[in-house]
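The structure under discussion appears below in the form of structure tokens.
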Number of protein chains: 2
Amino acid sequence: MNISKLEFDTEARPTIAKRIAESLRDAIVSLDLKPGDAISESDIAARFGVSRQPVREAFIQLAEQGLLRIRPQRSTEVVRISIRDVLNARFVREALEVAVVRKAAAECANMPADTFEDLFREQMAASDANDYRAFHARDDAFHRLIAKLSGNEFVWKLIDAQKVQMDRVRYLSLKLGMPATIREHRDIGEAILSGNPDLAEAQMRKHLRKIDTQIHQIRDLNREYFQEE
Amino acid sequence: MNISKLEFDTEARPTIAKRIAESLRDAIVSLDLKPGDAISESDIAARFGVSRQPVREAFIQLAEQGLLRIRPQRSTEVVRISIRDVLNARFVREALEVAVVRKAAAECANMPADTFEDLFREQMAASDANDYRAFHARDDAFHRLIAKLSGNEFVWKLIDAQKVQMDRVRYLSLKLGMPATIREHRDIGEAILSGNPDLAEAQMRKHLRKIDTQIHQIRDLNREYFQEE
DNA sequence: TGCGGGAAACTGGTATGGAAGTATACATGT
DNA sequence: ACATGTATACTTCCATACCAGTTTCCCGCA
């Protein structure tokens, strides 16, 4: 037996800071922590039963993702949703997703026709059950799968980073348009499997740009969560 | 006069952590800190005359940019250049730059014909003087200007983040092809000003993809800086 | 009643000490 | 000569203490 190539995952033990960051991110995206809320290092530290240091590192990370605004000596607050920032994130995400979906469509030769079927079925089930969490998880999984099929799964990390800016809007739109989303995913999937990059690109752009119109409705219904601009 | 809304740049007072991070990034990109070098919090802290905490935060930031590898309880080292990572960064950068250059070309209507002239002249001067620092600064300025012209200057932040993965290769290629670069920039500029998105896209892709062939030469000349893969 | 003034209670930023884990040199026993 | 145990000197991660601004609020005063 050749043992020389054995390795185990050295990143397996996440630090407290990372866990805190993840937990806070979930809380922010799910609007458990509301836009505009002020939080402090010591407050969160006490709530988690840890010291300020790892919390501080989590804050810094979330601030870089644009979810927190750290004002030294003043406060740290959950940033309000900015239409501008959401659209900027959408622009970047679109550029990236178009690139990968085109590649996926171009290299579809050896893909089985039922590549997406499991995902679609699960997502429809989630939709019928009004299980938003599962629905969104499957939504992400679909987009991630496309990146993987294109041979550029690493791009998902960036798409995901952009997505956080859009996730709160998506959360607020909840019941709006779950069936429509599934239909759009089907269109994208078919375009990929038919090996048509141009069509896949068009469908993807159409899918992603729906947020441009949705966001204004969402803001009008949730003014207090949005930045005045 | 309403003074209540006045604000000055609250980011004006950079923290020690941010300054350390920037300084280290420069050192890494310019190969002053060599790929594979091990550094420690206390070591760097002593060298800068500060405590370990801000250094630690700088380390974390650089690790997220993919420049450092933190192995808890073991060491922190400057990551070796990975051809795979460089090409991944190039893929992302290309997707973003194509998106902005197309928009720039499409909205070129009211751009004066000499928009890029100053930059080109300065870059040629830097090339003649063999001033690599100035040359690369102008190079960045050109790409950044395109993003700005497209109305999406914020994309530059992301392009810049991807670029660090390519910067060390660029640094190693130094004298290679400065005139060629200027020529490519001219082609891109002309395509934009002539309002031809397709041509602008093609020129941009050609420009960015030169690294794909360069990188293998660079690696063969600097094996010790590259990851075995 | 309205308005300063200033102490006190916050905030985030930095410094420092200790805990837990790992690498390495070296002694020890066979 | 060669494994194996162990002391020691690192490393990062977390906790604690202190510092320097900022905000809040209450008290004294007009």
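Within every chain, numbering begins at 1; the chains are lettered A, B, ... in the order of the sequence lines, protein sequences first and strands thereafter. Hydrogens, waters and symmetry mates play no part in the numbers below; they use all other heavy atoms, side chains included.
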Practice prompt. Please report, rounded to the nearest Å, how far the P atom of dG13(C) is from the CZ atom of Arg71(A).
Written response: 12 Å
Fill in: Ion pair check, Asp37(A) and Lys34(A), cut-off under 4.0 Å
no
Practice prompt. Check whether any side-chain nitrogen or oxygen of Thr76(B) sits under 4.0 Å from OP1 or OP2 of dT12(D), and answer yes or no.
Written response: yes
Worksheet item: Would Arg133(B) and Asp26(B) pass as an ion pair if we require N to O under 4.0 Å?
Response: no
Discussion item. Salt bridge check, Glu228(B) against Arg80(B): does any charged N sit closer than 4.0 Å to a carboxylate O?
Written reply: no
Worksheet entry | Arg74(A) CZ - dG12(C) C1' separation (whole Å) | 11 Å
Discussion item. Using whole Å, what does the distance between atom P of nucleotide dT22(D) and atom CD1 of Ile70(A) come to?
Written reply: 16 Å
Worksheet, complete the sentence: Lys18(A) atom NZ is separated from dC14(D) atom C1', nearest whole Å, by 15 Å
Worksheet entry | Value in whole Å for how far the C1' atom of dG12(C) lies from CZ of Arg69(A) | 14 Å
Worksheet item: Roughly, in whole Å, what's the span from CD in Gln73(A) to P in dT23(D)?
Response: 10 Å
Discussion item. Over all strands shown, is Ile60(A) touching base, sugar-phosphate only, or nothing at heavy-atom distances under 4.0 angstrom?
Written reply: nothing
Using a cut-off of under 3.5 Å, enumerate the N/O to N/O pairs linking the protein to nucleotides 14-16 of chain C.
residue: dT14(C); atom: OP1; partner: Ile16(B); partner atom: N; Å: 2.8
residue: dA15(C); atom: OP2; partner: Ser51(B); partner atom: N; Å: 2.8
residue: dA15(C); atom: OP2; partner: Ser51(B); partner atom: OG; Å: 2.6
residue: dA15(C); atom: O5'; partner: Ser51(B); partner atom: OG; Å: 3.3
residue: dT16(C); atom: O4; partner: Gln53(B); partner atom: OE1; Å: 3.3

Response to the item:
Separation of dT23(D) atom P from Glu77(A) atom CD, nearest Å, is 12 Å
Worksheet, complete the sentence: Interatomic distance, NE2@His143(A) vs CG@Leu119(A), rounded to 0.5 Å, equals 10.5 Å
Discussion item. Less than 3.5 Å apart, any donor N or O on the side chain of Asp32(B) or Ser30(B) sitting next to an acceptor on the other?
Written reply: no
Worksheet item: Ser42(A) side chain N/O closer than 4.0 Å to the phosphate oxygens (OP1, OP2) of dC10(C)?
Response: no
Return all side-chain donor-acceptor pairs below 3.5 angstrom for residues 85-92 of chain B, not counting sequence neighbours, or 'none' if the list is empty.
residue: Arg90(B); atom: NE; partner: Asp212(B); partner atom: OD1; Å: 3.0
residue: Arg90(B); atom: NH1; partner: Glu94(B); partner atom: OE1; Å: 2.6
residue: Arg90(B); atom: NH2; partner: Asp212(B); partner atom: OD2; Å: 2.6

Worksheet item: Between Ser75(A) and dT11(C), is there a side-chain N or O to OP1/OP2 distance below 4.0 Å?
Response: no
Worksheet item: Below 4.0 angstrom, N of the basic side chain to O of the carboxylate: do Arg170(A) and Asp140(A) qualify?
Response: yes
Discussion item. What contact category does Ile39(A) fall into here, base, sugar-phosphate, or nothing, at under 4.0 angstrom with non-hydrogen atoms?
Written reply: sugar-phosphate
Worksheet item: Between atom CD in Glu41(A) and atom P in dC18(D), what is the gap in whole Å?
Response: 18 Å
